[in-house]
Amino acid sequence: MKLQNRWFQLLASLLAMIMIANLQYSWTLFVKPLQAGTGWKLSDIQLAFTLFILFQTWVQPLDGWLIDRLGPRGFISAAGLLCGLGWAGMGRATSLPALYALYCVAGVGAAFVYSASIGSALKWFRQRRGLASGIMAAGFGGGTALFIPFISSLIASRGYQAAFLVTGLSQGLVILVVAQFLRHPPPEAQAPGPSGKEAGAPVAVRHFTTAEALRTPRFYVLYAMFVLMATGGLLVTSGAGPIARSWGLTASALTLAATLSPLANGASRIFWGWVSDRLGRESTMVVAFLLQAVCLALVVVLGPRSGGYFAFTLVLVYFTWGEIYSLFPSAVGDYFGTRHATSNYAVLYTAKGVASVIGGWFGAFLFEKTGSWSIGFFGSAAMALTAAALALGLRAAMAARRPAAGVPAAAR
């Protein structure tokens, strides 16, 4: 039956993920028009982005627990309504509280889609979870590339209000339709056991509940690494437009960066997820996180020189940042099993909410106080270096825990 085909389920969930991509990654295109149309301060407007991320992440522990038990269809159906009405309504917001509330509504819908889709990938693709979660996360990270030119044109010709309305209603409708086809795999497809295909990946021989996962030290190491690595990318995601304008770059340079960056972001999630299935999760983290630190520094070193350098450095940042959304869910599946994967990863994913406060709101606040983006970028680079060091320590710890007999570390 087609509904029980794992590739059909992956592609259906992927379409839903693509539809919520604009809620995060096209936001930077709306910041200047909102400022011009309302007179609100940059940091006040960027607080809306931070609140969206907080709701998109901190709602997930509850909905993840429920989705593991009730299935994804009802939640993603509700998400279609929440995302569509919330995003569309932002074009009519005449006060900051209204903008915040509507963006939070869209954030709740995005939370339902994201947790259900990532959980589905981990459940349906037990032996290739790095690649599967990478493809799924790529829909969210790269999907907006399909719409950036259209949104930019719509804002220029009809205003940001029309852009919110058109994209919100169309995306919500697609999510609602796709939801009707989504299912969890049968229980036997989630049975634990070693895959033998993921280099050095400690595949769990039992399924940890979220409460059990929270009692393990490595969960908190993963959480700290997630916060440290998510900050820099969220600084770029929320601030690309204001950064470009503060450096005197043209609107075409911003459009180029906003179009290419999601492609790099999406490719990153697939590429590094695929690499991690072969090289090992922790080893891949070390390499990618070190590269992210270098690329963040390059943004403020080369980016102000020209629109081309700006777009190029942002592409590099996204290609070395997007992998966290495939590596961390895969690591959760490796260490804690797949039966409760939606709930387990949903709790870990709240780290993105913490990072949004630092990279989204605080990054804009620092710029307003200092007139420079350098502190934010160099600080984020230092955080990425710290995450690489933690990944190196995690790799050593997990290697020491793998006995010669091959018993998976997650079971010990």
Side-chain angles (χ1 to χ4, degrees), residues 24-54 90 96 99-100 103 148 152 155 160 227-258 261-262 265 292-318 320-321 352-387:
Q24 178 171 320
Y25 291 103
S26 73
W27 166 254
T28 195
L29 300 178
F30 291 90
V31 174
K32 183 180 179 180
L34 276 166
Q35 280 186 284
T38 62
W40 298 332
K41 290 195 309 180
L42 173 63
S43 58
D44 288 339
I45 292 174
Q46 293 294 41
L47 179 58
F49 178 84
T50 295
L51 291 172
F52 164 77
I53 298 294
L54 286 172
M90 287 167 66
L96 283 167
L99 182 72
Y100 297 158
Y103 210 178
I148 287 292
S152 297
I155 291 174
Y160 72 89
V227 172
L228 292 167
M229 272 300 297
T231 297
L234 291 174
L235 172 64
V236 172
T237 299
S238 64
I243 291 168
R245 286 188 294 276
S246 70
W247 290 343
L249 302 176
T250 64
S252 60
L254 176 60
T255 300
L256 177 64
S261 294
N265 195 3
Q292 167 75 173
V294 173
C295 294
L296 284 167
L298 284 177
V299 173
V300 288
V301 173
L302 296 178
R305 298 185 182 185
S306 72
Y309 276 128
F310 176 73
F312 176 66
T313 54
L314 259 61
V315 165
L316 291 180
V317 166
Y318 277 112
T320 55
W321 175 69
K352 181 183 175 184
V354 177
S356 73
V357 178
I358 307 171
W361 174 80
F362 190 62
F365 176 79
L366 281 176
F367 172 72
E368 288 180 340
K369 293 299 182 182
T370 67
S372 172
W373 294 99
S374 296
I375 297 175
F377 276 94
F378 285 124
S380 298
M383 294 172 75
L385 285 175
T386 305

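Remark: side-chain polar atoms of Q292 are paired, donor with acceptor, to backbone N or O of V317 under 3.5 angstrom. Judged purely by atom type and a 3.5 angstrom limit, T28 uses its side chain to pair as donor or acceptor with the backbone of G241. Checked by atom type and distance alone, the side chain of S261 never pairs as donor or acceptor with a backbone atom of A258 at under 3.5 Å. Between the side chain of T231 and the backbone N or O of I358 there is no donor-acceptor pair closer than 3.5 Å.
To the nearest 0.5 angstrom, Y160 atom OH is 10.0 Å from M90 atom CE. Between the CG atom in L234 and the CE atom in M229 there is a gap of 10.5 Å [rounded to 0.5 Å]. Expressed to the nearest 0.5 Å, how far CH2 of W321 lies from CG of L296 amounts to 10.5 Å. From R245, atom CZ reaches atom OG1 of T250 across 12.0 Å, with rounding to the nearest 0.5 Å. A distance of 8.5 Å separates CG in L99 from OG1 in T38, rounded to the nearest 0.5 Å. Summarising the geometry, atom CG belonging to L47 is positioned 8.5 Å from atom CG belonging to L96; distances are rounded to the nearest 0.5 Å.
Within the 4.5 Å cutoff, the side chain of F310 has heavy atoms near those of the I243 side chain. A 4.5 Å side-chain heavy-atom check between T237 and F49 finds at least one atom pair inside the cut-off.
Pairing each heavy atom of S246 with each of W373, the nearest pair is OG-NE1, 3.0 Å. Summarising the geometry of K41 relative to Q35, their closest heavy-atom pair is C-NE2, 4.4 Å, with the distance given to 0.1 Å. The minimum heavy-atom distance linking A355 with A230 is given by the pair CB-CB, 3.5 Å. Across all non-hydrogen atoms, the minimal contact from Y100 to D44 is OH-O, 2.7 Å. The nearest pair of heavy atoms linking V31 to P242 is CG1-CG, 4.1 Å. Taking each heavy atom of L235 and S238 in turn, the nearest pair found is O-OG, 3.5 Å.
A donor-acceptor pair shorter than 3.5 Å cannot be found between the side chains of T370 and S372.
By the side chain to side chain contact (heavy atoms under 4.5 Å, CB included) test, T313 pairs with L298, V299, L302, sequence neighbours left out.
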Next on the checklist: I'd like to know whether Y103 forms a side-chain contact (heavy atoms from CB on, under 4.5 Å) with L51, so could you lay out the CA-CA distance, the side-chain angles of the two residues, the decisive distance to 0.1 Å, and finally the verdict.
Outcome noted: CA-CA 8 Å; Y103 210 178; L51 291 172; over 6 Å; no
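Atom CZ of F378 sits in a crowded spot, with more than 12 heavy atoms from other residues, nucleotides or ligands closer than 6.0 Å.
The six-membered or imidazole ring of W27 lies away from that of F52, with a centre-to-centre distance of 6.0 Å or more.
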